[in-house]
Amino acid sequence: MVAGRPDWVISRQRAWGVPITLFVNRTTGQYLVDPEVNRRIVAAVREQGVDAWSEEAAQDLLGADYTLADYERVTDILDVWFDSGCTHAFVLESGRWPDLQWPADLYLEGSDQHRGWFQSSLMEACGTRGRAPYDAVLTHGFTMDAKGMKMSKSLGNTINPLDLMKESGADILRLWALSVDFTEDHRIGKEILNGVSDQYRKLRNTFRYLLGALEGFDEAERLPVADMPELERYMLHLLAELDAKLRAAVEVYDFNSYVRLLTEFAQEDLSAFYFDIRKDSLYCDGVDDPKRRGCRTVFDTLFHALVRYAAPVLCFTAEEVWQDRFPSEDGSVHLLEWPEVPAVADVDAAHWVAVRALRTQVTEAIEPLRREKIVRSSLEAEVVVPEAMLSPAALAELFIVAKVTTGEAITVSRTDFHKCGRCWRHLPEVAVDRDLCDRCTGVVA
């Protein structure tokens with residue numbers, strides 16, 4: 001865009017705008033450079049605005065040492081792009097805002113500004129300061145209607161963000177804005193927002209579950225990572241991976257990936273996997289059981305990380321979640337630092353990927369029996385798998401089934417075990433239906 005620019009000017013011949021406050025010698029064509037004249041011009045504009053630069057005031061501005069007969073008042077105005085391109089000087093260097101610094105970290109504008117503000121700022125700063133006035137530029141596309149048409153009042157397809165917020169809430173709108181590829185033109189409409197609402201509900205339900213599961217949790221219950229079951233250590237490993245990916249996305253303003261990673265983690269790694277497996281331990285294990293303590297410790301770690309990750313995206317929801325759990329504490333979730341998520345050593349992530357893949361296959365194999373009413377839930381199923389990736393008891397817990405054995409291929413059948421009346425697991429020690437298993441007997445006692 002710089003190479004192909006046809007011209008470069010700092011003035012326009014207009015009757016209105018920001019005036020170029022210069023006097024030109026009528027004979028030599030040289031600009032008048034006099035600190036006293038400049039001081040009077042600055043004082044007049046500060047007091048009266050740009051209207052102070054008038055033909056009537058010209059002689060007073062020149063003062064007694066110069067005559068208007070010898071000097072012409074420039075009537076051109078600053079080109080609007082040159083004018084806006086100078087904003088870095090009078091915003092960042094004026095001293096009025098001491099927290100700001102030159103150069104700017106980021107310039108943010110629409111894709112039409114490659115030959116506009118972005119470029120005029122670049123040229124003006126390079127000409128006067130030898131470098132760009134920004135360290136980075138972020139280009140934003142334009143928002144179209146649901147059909148990809150440009151919004152206009154004449155077409156009647158304009159969408160008012162305030163109306164969307166009244167209908168769906170500000171967090172839904174923010175989630176949409178961060179879910180699209182903002183570097184390109186993008187669409188918005190009711191059906192699109194309905195999809196975003198589903199995405200929002202998944203995140204909100206994750207927080208609802210964590211809030212319920214963490215009721216009454218305190219530091220005395222916390223379990224050291226070294227003492228945790230392998231599943232808990234694996235979940236902390238996944239959280240550390242997520243943290244690294246989110247940090248990388250933020251560095252390059254890849255908010256689309258940021259939201260997608262956050263949502264996928266909540267839906268696939270937590271809701272469909274970890275929460276599903278550990279609800280048995282959470283509801284049925286004794287309060288001092290190491291497995292349950294490890295689970296709740298991981299839940300607490302997840303909560304503190306996820307609420308911070310979500311805060312820049314779902315401002316109001318994150319604050320609501322934080323205040324719900326810590327209502328007596330001063331401050332806000334938006335005053336918290338990014339979480340510190342340490343990596344967990346000695347986790348065989350590749351092994352767990354294989355275990356989860358097998359779990360998916362088992363779940364798919366059980367589904368036909370559910371449809372045919374042979375089993376009402378996976379808890380009534382016995383499963384044969386070709387490889388014992390973990391102990392049979394551990395696999396039964398992960399697959400949420402009655403029993404796991406090894407064989408040539410994945411097969412599923414209905415178990416003959418009776419159901420525990422408390423945890424609903426089908427186990428060999430339950431003599432008749434509605435009796436309690438060994439674990440539940442001990443917990444109830």
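Heads up: numbering here begins at 1 and tracks the sequence.
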**Study point:** Check against salt bridge (charged side-chain N to carboxylate O under 4.0 Å, His left out), E268 and R356
**Key:** CA-CA 11 Å; E268 298 174 13; R356 292 181 67 173; 6.0 Å; no

Practice item. Flag the pair R115 / V2 as yes when at least one side-chain heavy-atom distance between them is below 4.5 Å, and no otherwise. Key: no

**Study point:** Heavy-atom side-chain contact between L242 and D269 under 4.5 Å
**Key:** no

Check your understanding: Is R296 reaching over with its side chain to a backbone N or O of E215, donor-acceptor style, under 3.5 angstrom?
Key -> yes

Exercise for review: Quick one: list whatever passes salt bridge (charged side-chain N to carboxylate O under 4.0 Å, His left out) with K279, sequence neighbours left out.
Suggested key: D276

Review point. Taking atom CH2 of W176 and atom CG of L193, what is their separation to the nearest 0.5 Å?
Key: 7.5 Å

Check your understanding: If we only count heavy atoms from C-beta on, is the V18 to I77 side-chain gap below 4.5 Å?
Key -> no

Point to revise | Qualifying side-chain hydrogen bond (donor to acceptor under 3.5 Å, both in side chains) pairs, either residue in residues 89-99, two or more places apart | key: E93-R129

Point to revise | Residue pairs involving residues 261-291 (criterion ring-ring contact (aromatic ring centres under 6.0 Å, His included); sequence neighbours excluded) | key: Y209-F275, Y274-F299, F275-F299

Check your understanding: Do side-chain atoms of R325 reach the backbone of L211 as a donor and acceptor pair under 3.5 angstrom?
Key -> no

Review point. Are the side chain of N256 and the backbone N or O of S179 linked by a donor-acceptor pair below 3.5 Å?
Key: yes

**Study point:** Point-to-point distance, once rounded to the nearest 0.5 Å, from CG of L92 to CG of D105
**Key:** 9.5 Å

Review point. Would a 4.5 Å heavy-atom cut-off, applied to side chains only, mark V50 and P19 as touching?
Key: yes

**Study point:** Sequence neighbours excluded - side-chain hydrogen bond (donor to acceptor under 3.5 Å, both in side chains) pairs with any residue from residues 161-175
**Key:** D171-T317

Exercise for review: Would you please name every residue forming a side-chain hydrogen bond (donor to acceptor under 3.5 Å, both in side chains) with S271, sequence neighbours left out?
Suggested key: none

Check your understanding: Is there a donor-acceptor pair under 3.5 Å between the side chain of T297 and the backbone N or O of L223?
Key -> yes

Review point. Are R222 and E219 within salt-bridge range, i.e. N to O under 4.0 Å?
Key: yes

Exercise for review: Decide side chain to side chain contact (heavy atoms under 4.5 Å, CB included) for L231 and V298; before the verdict, give the C-alpha distance in whole Å, the side-chain angles of both, and the deciding distance to 0.1 Å.
Suggested key: CA-CA 10 Å; L231 177 60; V298 171; over 6 Å; no

Review point. Which residues pass the salt bridge (charged side-chain N to carboxylate O under 4.0 Å, His left out) test with E408, sequence neighbours left out?
Key: none

Check your understanding: Quick one: do E264 and K245 make a salt bridge, cutoff under 4.0 Å?
Key -> no

Practice item. Mind checking ring pair (Phe, Tyr, Trp, His ring centres under 6.0 Å) for H304 and listing every partner two or more places apart, or none if nothing turns up? Key: W322, F326

Check your understanding: Of all residues at least two apart in sequence or in a different chain, which pass the ring pair (Phe, Tyr, Trp, His ring centres under 6.0 Å) check with F118?
Key -> none

Review point. Would you say R5 has more than 12 foreign heavy atoms packed within less than 6.0 Å of its CZ?
Key: yes

Point to revise | Residue pair M165 / I172, side-chain heavy-atom distance below 4.5 Å | key: no

Exercise for review: Could you please spell out the steps behind the side chain to side chain contact (heavy atoms under 4.5 Å, CB included) verdict for Q199 and R204?
Suggested key: CA-CA 9 Å; Q199 194 178 16; R204 186 177 178 88; over 6 Å; no

**Study point:** Note, R247 side chain near W338 side chain (heavy atom, < 4.5 Å)
**Key:** yes

Review point. Honestly, is R359 close enough over W352, meaning NZ or CZ under 6.0 Å from the six-membered ring centre and within 45° of the axis?
Key: no

Review point. Given M389 and L358, is the side chain to side chain contact (heavy atoms under 4.5 Å, CB included) satisfied, shown in steps?
Key: CA-CA 9 Å; M389 295 182 173; L358 180 60; 4.2 Å; yes

Review point. Which distance, rounded to the nearest 0.5 Å, do you find between the CG of D243 and the CZ of R308?
Key: 11.5 Å

Review point. Would you say S378's side chain and I400's backbone share a donor-acceptor pair under 3.5 angstrom?
Key: yes

Practice item. Would you please say whether a donor-acceptor pair under 3.5 Å links the side chains of E382 and H426? Key: no

Check your understanding: Is there a donor-acceptor pair under 3.5 Å between the side chain of R414 and the backbone N or O of I374?
Key -> yes

Review point. Mind checking what makes ring pair (Phe, Tyr, Trp, His ring centres under 6.0 Å) contact with W424, not counting sequence neighbours?
Key: none

Residues 438-445 side chain polar contacts: donor-acceptor under 3.5 Å, at least two apart:
{"residue": "R439", "atom": "NH1", "partner": "D280", "partner atom": "OD2", "Å": "2.8"}
{"residue": "R439", "atom": "NH1", "partner": "D285", "partner atom": "OD1", "Å": "2.8"}
{"residue": "R439", "atom": "NH2", "partner": "D280", "partner atom": "OD1", "Å": "3.0"}
{"residue": "R439", "atom": "NH2", "partner": "D280", "partner atom": "OD2", "Å": "3.3"}
{"residue": "T441", "atom": "OG1", "partner": "C437", "partner atom": "O", "Å": "2.8"}

Review point. Is the backbone of V333 close enough, under 3.5 Å, to the side chain of E319 for a donor and an acceptor to pair up by distance?
Key: yes

Study note, to complete from the structure: Output for pair (C295 SG, R293 CZ), nearest 0.5 Å, gives 12.5 Å

Review point. Atom CG in L175, atom CG in L314: separation rounded to 0.5 Å?
Key: 5.5 Å

Check your understanding: Do side-chain atoms of W117 reach the backbone of S84 as a donor and acceptor pair under 3.5 angstrom?
Key -> yes

Practice item. Run the salt-bridge test on K291 and E232 with the 4.0 Å N-O cut-off and return the result as yes or no. Key: no

Point to revise | Atom of A311, atom of A318 and distance for their closest heavy-atom approach | key: CA-CB, 3.6 Å

Practice item. Give the intermediate values and the outcome of side-chain hydrogen bond (donor to acceptor under 3.5 Å, both in side chains) for residues E380 and T415. Key: CA-CA 6 Å; E380 298 176 349; T415 185; over 6 Å; no

Check your understanding: Is there a side-chain contact between V259 and T263 (heavy atoms, below 4.5 Å)?
Key -> yes

Point to revise | For L395 against A388, the heavy-atom pair lying closest together | key: CD1-CA, 4.2 Å

**Study point:** Those residues that, when tested against E109, pass salt bridge (charged side-chain N to carboxylate O under 4.0 Å, His left out) (two or more places apart)
**Key:** none

Check your understanding: Do L302 and L239 come within less than 4.5 Å of each other through their side chains, counting heavy atoms only?
Key -> yes

Check your understanding: Do side-chain atoms of H418 reach the backbone of D435 as a donor and acceptor pair under 3.5 angstrom?
Key -> no

Exercise for review: Looking only at non-hydrogen atoms, find the nearest pair between K403 and T405 and report the distance.
Suggested key: CE-CG2, 3.7 Å

Review point. Got a donor-acceptor contact below 3.5 angstrom from the Y258 side chain to the Y309 backbone?
Key: yes

**Study point:** Interatomic spacing from OH in Y107 to CD in Q113 - rounded to 0.5 Å
**Key:** 12.0 Å

**Study point:** ring-ring contact (aromatic ring centres under 6.0 Å, His included): pairs with one or both residues in residues 140-165, sequence neighbours excluded
**Key:** H140-F182, H140-H186

